[in-house]
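Here is the structure we will look at.
All heavy atoms count here, side chains included; hydrogens, waters and symmetry mates do not. Just follow the structure's listing: the first ligand is 1, and inside any ligand the first atom is 1. Computed from a prediction, not measured in an experiment: that's the story for all the values here.
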Amino acid sequence: MRNVIILAAGEGKRMKSALPKVLHPLLGRSLVGHVLAATESFLDNGTVTVVVGHGADQVRAHLAQVAPAAVPVTQAEQRGTGHAVRIALDANPDITGTVVVLNGDIPLLRADTLAALVHTHETTKAAATVLTAEVADPTGLGRIVRNRGGEFSAIVEERDATPAQRAIREINSGAYVFEAAALRDMLGKLSTDNDQGEEYLTDVIGLLAEAGSPIVAHRAPDATETLGANDRAELAGLRAIMRDRINDEWMRAGVAIIDPATTWIDVTATLSRDAVVEPNTHLRGTTSIGEGAVVGPDTSLIDVVVGAGATVVRTHALSSEIGPQASVGPFAYLRPGSKLGVKAKVGTFVETKAATLGDGAKVPHLSYVGDAEIGEGTNIGAATVFVNYDGVKKQRSVIGAHARTGADNMFVAPVHVGDGAYTAAGSVIVKDVPPGALGVSRAHQRNIEGWVERKRPGSAAAVAAAEANAVFQEREEHHVDPGPVVERPAPDEQ
Ligand code: UD1
Ligand code: CA
């Protein structure tokens, strides 16, 4: 059994944010969420204690959501990382054996790296094992100090370091494994005799070394894993590293990512092989992309299921399901609760919300479909609005299967259009249309002959009309065949 303590009480002043630093988002999880996720593989039923302080209520609420098994412990005053661990251990007097301590602000740590750190610790029977890394720029970090024999002897914070120590490029990552009794013992001996007047967890290492206890430095295979973020610019740097890491993994798994630099996939999203992700695409939350589906360019999907072979182009979609071989966009907006069946289509400049489209149903152009059910094989005419809101409450409308509704219809909810029914273009449908009926609701058209010539004499319109009438007259006089008679399209066709 391993026990984990995560330090998350700091404010992160340089983020200049109302949000505590460890809650800042990074491709699908908060900073502390990433750290928590990395511990899952080796926990082995152990406890997870999270030290909270700055923004404690916010951090507690977040933990309750993402890691309900983690136990928050409050550090009212931030008196240093050693003080924080002491509070966590005091809250868990029964803990023995392996204790993993992790700074809450090192989100790029891989689960495998942490597992290897724990393994090193347990097989070497060290009192403490520290994850270190060799970095190009160690500014601001604790340095790994070794004695003449090259043995790890202390961690010295930059602000307390001598110039020679500052030149060291091996740094403390902020991930440690301790033997519980040794840790407890040394935490009781920490002083605040340093530049910040804090109890440094890192001083435990020096104390253990002095006492002759075995301490081990375990090098991270990839130094970027140990990077932290102190401000938003650094956080953006971490985000880019994580983006590349995630994209590489999906490409190796058979996903085509056309422009990895502009493709942002949350760690929580999943893709199937032969999926194609076009440039400037964001796949967030629990989004999943089926085999061979094409998403993007310029698309954001948040908690969206995309079926195999579907196409989603220039689309913004939230909490929706897009069926296999369905087609969405360009310029579509799927709001929560949109469900598209197999081969369904939501086309250009279409917004949907709490709407179900049956298999093969189509809403091709310029429409709003809110609180509606559209049956399979039905075609909704261009520029249709489902009038779902009477100013007080939202109501649903239902269009049956294989219906053909005319362009520029208003379906005033609640209204029901039966299977196989038609509606005429320009209709405001307020009453149910029975199956197979044609619903028509619009004023009859009348043409007032010669109106333009009388009311707008001399205008371009009047001149054009006069010319057209002259040509018509000519034909009448010479009996010119006007060509085949073109029938007016039925009201449903567009
Ligand atoms: C710490 C290490 C440093 C290491 C670096 C790696 C110490 C003294 N120094 O420095 O050697 O190179 O991490 O990133 O530990 N926290 C609390 N309570 C406190 C103080 C801090 O919970 O009283 C939490 C913070 O929220 C943060 C973590 O501990 O998640 C580390 O604290 P931070 O102030 O960021 O330490 P660094 O200066 O980065
Ligand atoms: Ca830090």
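Salt-bridge annotation for Arg79 and Glu198: absent, with no side-chain N of the basic residue lying under 4.0 Å from a carboxylate O of the acidic one. Using a 4.0 Å cut-off between charged side-chain N and carboxylate O, Glu373 and Arg396 make a salt bridge. Salt bridge absent: Asp137 and Arg169 never bring a charged side-chain N and a carboxylate O closer than 4.0 Å. With respect to the salt-bridge test (charged N to carboxylate O, under 4.0 angstrom), the residues Arg143 and Glu158 qualify.
Distance from atom 10 (O) of ligand 1 to its nearest protein heavy atom, with residue and atom name: Glu157 OE1, 4.0 Å. Given atom 25 (C) of ligand 1, the protein heavy atom at minimum distance is Gly10 N, 3.7 Å. Looking only at heavy atoms of the protein, atom 4 (C) of ligand 1 is closest to Asn172 O, 3.3 Å.
Under the 4.0 angstrom criterion, atom 39 (O) of ligand 1 counts as lacking any protein heavy-atom contact. Distances from atom 12 (O) of ligand 1 to the protein include at least one heavy-atom value under 4.0 Å. For atom 15 (O) of ligand 1, the nearest protein heavy atom lies closer than 4.0 Å. Within a 4.0 Å radius of atom 22 (O) of ligand 1, the protein contributes one or more non-hydrogen atoms. Protein heavy atoms are absent from the 4.0 Å sphere centred on atom 36 (O) of ligand 1.
Annotation for Arg284: atom CZ does not count as buried by contact number, only 12 or fewer foreign heavy atoms lying within 6.0 Å. Within a 6.0 Å sphere centred on CG of Asn147, heavy atoms belonging to other residues, nucleotides or ligands number more than 12. Heavy atoms from other residues, nucleotides or ligands lying under 6.0 Å from CZ of Arg14 number 12 at most. More than 12 heavy atoms of other residues, nucleotides or ligands sit less than 6.0 Å from atom CZ of Arg146. The neighbour count for Lys343 NZ, taken as heavy atoms of other residues, nucleotides or ligands under 6.0 Å away, does not exceed 12.
By the 3.5 Å distance cut-off applied to N or O atoms, Val22 is not counted among the residues near ligand 1. Checked against a 3.5 angstrom limit, the closest N/O atoms of Lys21 and ligand 1 fall outside it. Checking only distances, Gly80 does come within under 3.5 Å of ligand 1, N or O to N or O. Checked against a 3.5 angstrom limit, the closest N/O atoms of Ala84 and ligand 1 fall outside it. Polar contact check, Glu77 against ligand 1: no nitrogen or oxygen pair lies under 3.5 Å apart. Of the N or O atoms in Leu7, one or more lie within a sub-3.5 Å distance of an N or O in ligand 1.
No other N/O/S atom of Asp105 lies as close to the Ca ion (ligand 2) as OD2 does.
A donor-acceptor pair shorter than 3.5 Å cannot be found between the side chains of His24 and Ser30. Between the side chains of Asn3 and Thr47, at least one donor N or O lies within less than 3.5 Å of an accepting N or O.
Ligand 1 places these atoms under 4.0 Å from at least one heavy atom of Gly142: 3 (C), 4 (C), 11 (O), 12 (O). Close contacts between ligand 1 and Thr81 involve ligand atoms 7 (C), 8 (C), 15 (O), 20 (C), 21 (C), 29 (O), 31 (C), 32 (O) [criterion: under 4.0 Å to a heavy atom]. Taking a cut-off of under 4.0 Å to the non-hydrogen atoms of Ala8, the atoms of ligand 1 that pass are 22 (O), 26 (O). Interface of Asp105 with ligand 1, defined as ligand atoms under 4.0 Å from a residue heavy atom, comprises 30 (O), 35 (O). Using a 4.0 Å cut-off to heavy atoms of Gly104, the atoms of ligand 1 that qualify are 30 (O). Within ligand 1, the atoms closer than 4.0 Å to a non-hydrogen atom of Ser173 are 6 (C), 14 (O), numbered from 1 in the order shown.
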Can you list the steps and then say if Glu122 with Arg2 is a salt bridge (Lys or Arg N to Asp or Glu O under 4.0 Å)? CA-CA 10 Å; Glu122 290 176 350; Arg2 285 81 175 234; 2.8 Å; yes
- Message: One pair to check against salt bridge (Lys or Arg N to Asp or Glu O under 4.0 Å): Lys21 and Glu11. What are the steps and the verdict?
- Response: CA-CA 6 Å; Lys21 176 167 150 184; Glu11 179 184 9; over 6 Å; no
Q) Please walk me through it: do Val59 and Leu23 pass side-chain contact (heavy atoms from CB on, under 4.5 Å)? A) CA-CA 7 Å; Val59 180; Leu23 297 191; 4.2 Å; yes
Take Asp298 and Thr281 through the side-chain contact (heavy atoms from CB on, under 4.5 Å) test and state the conclusion after the steps. CA-CA 5 Å; Asp298 305 327; Thr281 293; over 6 Å; no
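Evaluated by nearest non-hydrogen atom to atom 1 (C) of ligand 1, the leading choice among Leu201, Val59, Asn103 is Asn103. Between atom 17 (C) of ligand 1 and the options His83, Glu158, Gln75, Glu198, the minimum heavy-atom separation is to Gln75.
Within the structure, ligand 1 has Thr202 among the residues with a heavy atom less than 4.0 angstrom away.
Contacts with ligand 1 closer than 4.0 Å are made by heavy atoms of both the backbone and the side chain of Ala9. Contact annotation: for Arg79 versus ligand 1, heavy atoms closer than 4.0 Å belong to the backbone alone.
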